[in-house]
There are 2 protein chains.
Amino acid sequence: MTETRWLDAAQQRDWRAYVEGSVRLADVLDRDLKAKHGLTMAEYEILVRLSEAPDRRLRMAELAEFASQSRSRLSHTVARLECKGLVARGTCGADRRGVNAELTHQGFAFLEQAARDHVAAVREFFVDVIDPADLGAIGRAFAAVAEQVQKAR
Amino acid sequence: MTETRWLDAAQQRDWRAYVEGSVRLADVLDRDLKAKHGLTMAEYEILVRLSEAPDRRLRMAELAEFASQSRSRLSHTVARLECKGLVARGTCGADRRGVNAELTHQGFAFLEQAARDHVAAVREFFVDVIDPADLGAIGRAFAAVAEQVQKAR
DNA sequence: TCGCATTGATTGAAGTTTCAACAAATATTC
DNA sequence: GAATATTTGTTGAAACTTCAATCAATGCGA
């Protein structure tokens, strides 16, 4: 058992600011999206990933990976999005275990509206209140974090 | 209705890196804490805030504010922590509507153990993979974000 | 090819969070 | 000071996520 390396004052301050800020940001963005379009961030993320995929279609496992969600969670959530008519599921030609999720026409139209409001909120509470150099630092840092998490799995 | 100001390429890259990285970070920290101590980050946060309060005690409303949680959520969560014997609730002397949540002796001892593992994980996946200057930028940026969210409520 | 492990996705139950409604105590207004 | 409004905290139900179990299809080794 090795000695605990506690955070120094500056590290602690920055870490705490991040924890609080990120929770409140997620909260306000979620609330905004839910109030205006009845979507959570997780659902929105799914629609975005699908919209960017070839043919606006992805296998469930890939979609789960892109959207940083468990497969189980994705199954439930896609079921809900399917009920709303925003996504459709179909079997995958090659591998008959696979299931494709596809953004419907209606889903795409819906997303176009939601994206406008969402980007405005992202600007209001994130991009526009952060110094551009600091934003670059955030991008760098969280890319490194994601890689490290990936590596450890 | 004003024209949508989309993000430019760099902003979009940084924002996306943040979204993905922060979700994965929260995920791995949650998993670690749950596996080793049976706590979620939200529960851990509550214990930390209590541990730092005078007499290790706070009113529910203050605790909710510090821990960035809704009062309802806090009620439920504190009920669970109370069952585990980590927190105790008592009435507030001055204002008889108020309820004090207090960290028990056992809760404090428990937190001391959990904090060691948690800080190690925070280092492994966050602090130690980020350039110190970038960490400072993150602290600055998210303090601004938190303030902006606060302002808009 | 047969058996067995692995992969892909779903399911239902248990646990957690959100939402709206509520009750009790305190503040405010007239 | 009685009536009304606000604040504090809890509650139960609905919505969502997690967890473990399951099923079907595929891959693999003998």
Side-chain angles (χ1 to χ4, degrees), chain A residues 23-24 26-47 50 57-84 86-102 153, chain B residues 23-24 26-35 37-46 50 57-84 86-102 153:
Chain A
V23 169
R24 293 190 189 269
D27 211 57
V28 75
L29 293 180
D30 230 52
R31 226 165 268 285
D32 184 74
L33 213 43
K34 199 171 295 175
K36 293 179 181 157
H37 301 278
L39 283 184
T40 64
M41 278 277 280
E43 292 169 329
Y44 178 81
E45 189 72 14
I46 288 170
L47 298 185
L50 285 178
R57 163 186 322 189
L58 281 172
R59 288 188 61 157
M60 293 296 279
E62 294 178 290
L63 183 50
E65 178 62 20
F66 288 148
S68 308
Q69 294 185 18
S70 72
R71 291 187 188 185
S72 172
R73 182 180 178 184
L74 185 67
S75 272
H76 288 295
T77 307
V78 165
R80 263 178 275 131
L81 292 172
E82 203 171 18
C83 281
K84 294 189 188 178
L86 304 180
V87 171
R89 274 188 284 202
T91 55
C92 189
D95 182 346
R96 265 180 310 191
R97 291 169 302 183
V99 170
N100 276 325
E102 182 177 349
R153 303 192 60 235
Chain B
V23 168
R24 292 189 190 269
D27 210 57
V28 75
L29 294 180
D30 229 53
R31 225 165 270 284
D32 184 74
L33 212 43
K34 197 171 295 176
H37 301 278
L39 282 184
T40 64
M41 279 276 281
E43 291 170 329
Y44 178 81
E45 190 73 13
I46 287 170
L50 285 177
R57 163 187 321 188
L58 282 171
R59 286 189 61 159
M60 293 295 279
E62 294 177 289
L63 183 51
E65 178 63 21
F66 288 148
S68 308
Q69 295 185 19
S70 72
R71 291 186 187 184
S72 172
R73 180 179 178 184
L74 185 67
S75 272
H76 288 294
T77 307
V78 165
R80 263 178 274 132
L81 292 172
E82 202 172 19
C83 281
K84 293 190 189 178
L86 305 180
V87 170
R89 274 187 284 202
T91 56
C92 188
D95 182 345
R96 266 180 309 193
R97 290 170 303 184
V99 171
N100 277 325
E102 181 177 351
R153 301 191 63 233

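In what follows, every chain begins at residue 1, and chains take the letters A, B, ... in the order their sequences are listed. Side chains included, hydrogens not; waters and symmetry mates left out as well; all remaining heavy atoms used.
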Within residues 29-40 of chain A, which residues have any heavy atom lying less than 4.0 Å from an atom of DNA chain C?
A:R31, A:K34
Using heavy atoms and a sub-4.0 Å distance, could you list which residues of residues 66-82 of chain A are near DNA chain C? By number, please.
A:R71, A:S72, A:S75, A:H76
Residues forming a side-chain contact (heavy atoms from CB on, under 4.5 Å) with [X], sequence neighbours excluded:
{"X": "B:A67", "result": "B:E45, B:I46, B:Q69"}
{"X": "B:V23", "result": "A:S68"}
{"X": "A:R57", "result": "A:D55, A:N100, A:E102"}
{"X": "A:D30", "result": "A:K34, A:T40, A:M41"}

A:L58 CG - C:dG8 P separation (whole Å):
14 Å
Return the value, rounded to whole Å, for the distance between atom CG of A:L63 and atom C1' of C:dT10.
15 Å
Give me the distances for all protein-to-nucleotides 21-28 of chain C N/O pairs that come in under 3.5 Å?
residue, atom, partner, partner atom, Å
C:dT26, OP1, B:R96, N, 3.0

Rounded to the nearest 0.5 Å, what separation is found between the [atom1] atom of [X] and the [atom2] atom of [Y]?
{"X": "A:K84", "Y": "A:L47", "atom1": "NZ", "atom2": "CG", "result": "9.0 Å"}
{"X": "A:L63", "Y": "A:M60", "atom1": "CG", "atom2": "CE", "result": "6.5 Å"}
{"X": "B:E82", "Y": "B:R89", "atom1": "CD", "atom2": "CZ", "result": "4.5 Å"}

Positional range of nucleotides in DNA chain D within the contact set of chain B, heavy-atom, under 4.0 Å:
D:dT7 to D:dC19
So for the helix from C:dT1-D:dA30 to C:dC30-D:dG1, with five pairs setting each end axis, what is the inter-axis angle to 10°?
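The angle separating the two end axes equals 20°.
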Sorted by chain and number, sequence neighbours left out, salt bridge (charged side-chain N to carboxylate O under 4.0 Å, His left out) with A:R96 holds for none
Could you pull out all residues at least two apart from B:R59 that satisfy salt bridge (charged side-chain N to carboxylate O under 4.0 Å, His left out)?
B:D95
Using every non-hydrogen atom in the two residues, find where B:F66 and B:L58 come nearest and quote the distance to one decimal.
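The answer is CD1-CD1, 3.6 Å.
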Between B:A101 and B:L50, which heavy-atom pair has the shortest distance, and what is it?
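Result for this residue pair: O-CD2, 3.4 Å.
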Pair up each side-chain donor or acceptor in residues 71-78 of chain A with any protein partner under 3.5 Å, not counting sequence neighbours, and list the distances.
residue, atom, partner, partner atom, Å
A:T77, OG1, A:R73, O, 2.9

Given DNA chain C, 5'-ward residue of the pair A:D27 and A:C92, judged by closest heavy atom
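Going by which nucleotide is closer to the 5' end, it is A:C92.
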